[in-house]
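Heads up, the thing below is written out as structure tokens.
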Amino acid sequence: MTETFRHRYIQARRELIRRDFGFLNPEQLEAVMTVEGPLLLLAGAGSGKTTVLINRIVNLIRYGSAAESDYVPDTATEEDIAVMQAGPSEEAARLAAVDPVEPWRILAITFTNKAADELRSRLEQALGPASDDVWAQTFHSACVRILRREAERLGYSRSFTIYDTGDSQSLMKRILKEKDLDEKMFPYRYVLSVISSAKDARQDPETFAQAAAKAYDPRQKHIAGVYKEYQRQLREADAMDFDDLISNTVTLLEDYEDVRSYYQRRFRHVLVDEYQDTNNLQYLLASTLAGGHENICVVGDDDQSIYKFRGATIRNILEFESRFQGARTIRLERNYRSTAHILEAANGVIRNNSKRKRKRLWTEQGDGEQPALHIASNEHEEAQFVADCILEDFAKGVPWGDHAVLYRMNAQSNQLEYAFKRSGIPYRVYGGMKFFDRAEVKDMLSYLCVLANPADDLRLLRIVNTPPRGIGANSLEKAVAIAQENGMPLYRVLQNAGDYPELQRSASRMRQFTILMDELRSLSEQEPLDTLYDAVTERSGYLAALREKNTQENISRIENIGELKSNILSFIKETGDGSLHGFLDQVALYTDLDNLESGADAVVMMTIHSAKGLEFPTVFLVGAEEGIFPGLRAVGDPEEMEEERRLAYVAITRAMRKLWITCARQRMLFGRTSSNRVSRFVEEIPPEHLRTDRTASPFSGQRSEGAPQSRSPLSASRSAGREPIRPILTPSSGQGPAPDFRVKDRVEHISFGPGVITAMTPMGGDFLVEVSFEKVGPKRLMLRAAATKMTKQNDRDESGDAT
DNA sequence: CGCACCACAATTTTT
DNA sequence: TTGTGGTGCG
């Protein structure tokens, strides 16, 4: 074989792969074709990182290391070169592949189920069924998968229970109360976060206690005791909290050579998404799994690290190159999401952070519109301004769902909701009460958990008297004490309640309860999950208790219980796994079920945190004021301030075409009125990329008079007297004839039904009409759009026309 | 044992 | 301003 042939062969092969991924830009392509060794992808917002991740996996499976390899098979022929030169095809891929990676040797880790789902489905699209074997999982579900096989080595059973945040919190509250620690000094959230950090630092209760003994803060010693007790109770209940899932997996890999080498050999490539959000444990997990081959590819953006409060350390990304020898770094700076003005605004803000990797987003999409700042006089007006902008867009045919409103705190959503309701704008608030957090759903799940794991005292306590069975708190406390003393699960005590004189008063009811549960448990061994569930809801008396009172509340609870059943059914259908444990695992790790996409066309409202990873044509960033964003706590703390700034960066880069930033001169928050300066982040936007809109919203005058107190804007006071702008003209401007609507006209709307026009205001070549509908109340609509859905009724109001 | 009332506090939250 | 958690009474 001649050198030139070898050379041509390798060239043809590389060219083939390049062509196969020809839709990628040069940096993306480089990332995809860099196959071996540690790789850091600094992926700016909107730079197509998921695309890169997916195609990198596709490349590994399809071509293996061909893109970087000098290997030429002995059997290579001119014909082979010709096939490869002809372009991507199955045959060409087969010829070109060098040591292709089997799908099951790839581990791709994400943070959210949503991201994992997206990864899986896009891989499926690209690779077909072969993609099923790729481990595309969240950190937690990957760990559960490992632990379900190996947990016995750590002294748990294979069917250990997973405690979610709420469970951890209730357990912690119980312990703090038991230990009689002052809740002012020891708020459960704080204690939990200390324990979480301890776990992140690989400190077990003993090591933590040693460190605490030397600490200045006397609270640490108490917390050490709490930590010990917390872990003890988790153990007793055969339960792991979210941190334990990862921590225990790391322990398993560290302490058991055979387990470690099994997984290190199994996975030839480890990919980690959203690397800027990883904590120390997650870093340890990923790097241990990648140990040996060091084929670890991490994707992230240090500028979007906004979860420090949850233990994420930006150091993982900043120190990647020094921790992994020979690491390569590739920057993805080309942005496909936003127009240039928006990106420059984002660049201008983030430039003020000192701890970051150099990066500058750019685009070829053109300048677009400048971000605009609107200064409102108060929070009502701010909210109304947002609503008006959205109405105006809607009138132009822009769907509601193209708009997102982002705020720093959930508490800010209220005013906006009022404004949207008033204006007839459909909206969805993202991230409120989650389905699985509802009491009735947790109750039903607790029943299932206790059936699966009778040692789960926490869940047992939740349901033992829900619905009321006459088992009082006092006797329960006694039972808990007995269980503690004898080191046995509470369930056992309840079963044998008759043996303990102090329990005699409710002994029979306790026994009855365990008999019920035992029967249900035996049912769970014979019947499918959905049948079991029905039995639980009925025989526990839970549904019956709800049916007793026909309140709105109870009706919705019954609905939710039904909703959980459909969750069960679809779980069985989708996974083919009807096991109770399988379902509970999925639920424990899948709190994110109410997703955004499923909704109808509606404006989206959420915190900036929840917006990460999403994009919207138009974004409103509200409450851009000192003290709110950046929040009060960040002022005077440079680290916190940088985190807030990253948050600002995230917010700005969500916008594709139009960014509105709003603030209020005065705002009432938590019952107190304050006036704040405009956010420093706004001032950090280079002036040439920001338009300041100092005129108040076109309706501010009317709004502040009529809107706040009145539920019906058709109130007489409005039309009477001194309002000069009451158009009675027929709207005529703009293209197309607009129908002849006037104030006081009776109308019939397709979806809102009959109503009366109460006001019309000219606006951008159109009219904003206010209609008081009989059934749905007042709505504000843009006439041009509404005219197609609304007809004028002939029977005019008595006087004909006003004025 | 359940409900009503009153203090109190209150970023952000992928699992 | 809103929601939550604890206490006291019927």
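Throughout, a chain's letter reflects where its sequence line sits, starting with A, and its residues are numbered from 1. FYI, side chains are in, hydrogens and waters are out, and symmetry mates aren't considered; it's all heavy atoms of this structure.
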Across all chains, not counting sequence neighbours, the side-chain contact (heavy atoms from CB on, under 4.5 Å) partners of A/Lys173 are A/Tyr188
Among the nucleotides B/dT15, B/dT12, B/dT14, whichever has the atom closest to the side chain of A/Asp277 is B/dT14
Among the nucleotides C/dT1, B/dT13, B/dC1, whichever has the atom closest to the side chain of A/Asn465 is B/dC1
Exercise. Looking at the rings of A/Tyr407 and A/His609, which for Trp means the six-membered one, are their centres under 6.0 Å apart?
Worked result: no
Please write out the pairs of protein N or O atoms and N or O atoms of nucleotides 5-10 of chain C separated by less than 3.5 Å, giving the distance to one decimal.
none

Kindly list each side-chain donor-acceptor pair under 3.5 angstrom involving residues 461-469 of chain A, sequence neighbours excluded, with atom names and distances?
unit_1: A/Arg462; atom_1: NE; unit_2: A/Asp443; atom_2: OD1; d: 2.7
unit_1: A/Arg462; atom_1: NH2; unit_2: A/Ala439; atom_2: O; d: 3.3
unit_1: A/Arg462; atom_1: NH2; unit_2: A/Asp443; atom_2: OD1; d: 3.2
unit_1: A/Asn465; atom_1: OD1; unit_2: A/Arg469; atom_2: N; d: 2.6
unit_1: A/Asn465; atom_1: OD1; unit_2: A/Gly470; atom_2: N; d: 3.3
unit_1: A/Asn465; atom_1: OD1; unit_2: A/Ile471; atom_2: N; d: 3.3
unit_1: A/Asn465; atom_1: ND2; unit_2: A/Ile471; atom_2: O; d: 3.2
unit_1: A/Thr466; atom_1: OG1; unit_2: A/Arg462; atom_2: O; d: 2.7
unit_1: A/Arg469; atom_1: NH1; unit_2: A/Tyr447; atom_2: OH; d: 3.4
unit_1: A/Arg469; atom_1: NH1; unit_2: A/Ile463; atom_2: O; d: 2.9
unit_1: A/Arg469; atom_1: NH1; unit_2: A/Val464; atom_2: O; d: 2.9
unit_1: A/Arg469; atom_1: NH2; unit_2: A/Tyr447; atom_2: OH; d: 2.6
unit_1: A/Arg469; atom_1: NH2; unit_2: A/Ser540; atom_2: O; d: 3.2

Residue set satisfying ring pair (Phe, Tyr, Trp, His ring centres under 6.0 Å) with A/Phe186, at least two apart, ordered chain then number -> A/His222
- Task: Pick the C1' atom in B/dT11 and in C/dG6, then give their distance to the nearest Å.
- Result: 25 Å
Note: for A/Ala634 and A/Pro468 on DNA chain B, the residue whose nearest nucleotide lies more 5' is A/Pro468
Among the nucleotides B/dT12, B/dT14, B/dA10, whichever has the atom closest to the side chain of A/Asn410 is B/dT12
Closest of B/dT11, B/dT12, B/dT15 to the A/Phe309 side chain is B/dT12
Query raised in the report: Rounding to the closest angstrom, what is the interatomic distance between C/dT4 and B/dT13 at atom P?
Result: 15 Å
A/Phe513 meets the ring pair (Phe, Tyr, Trp, His ring centres under 6.0 Å) criterion, sequence neighbours left out, with none
Residues passing the side-chain contact (heavy atoms from CB on, under 4.5 Å) test with A/Ile558, sequence neighbours excluded, are A/Leu543, A/Leu546, A/Arg547
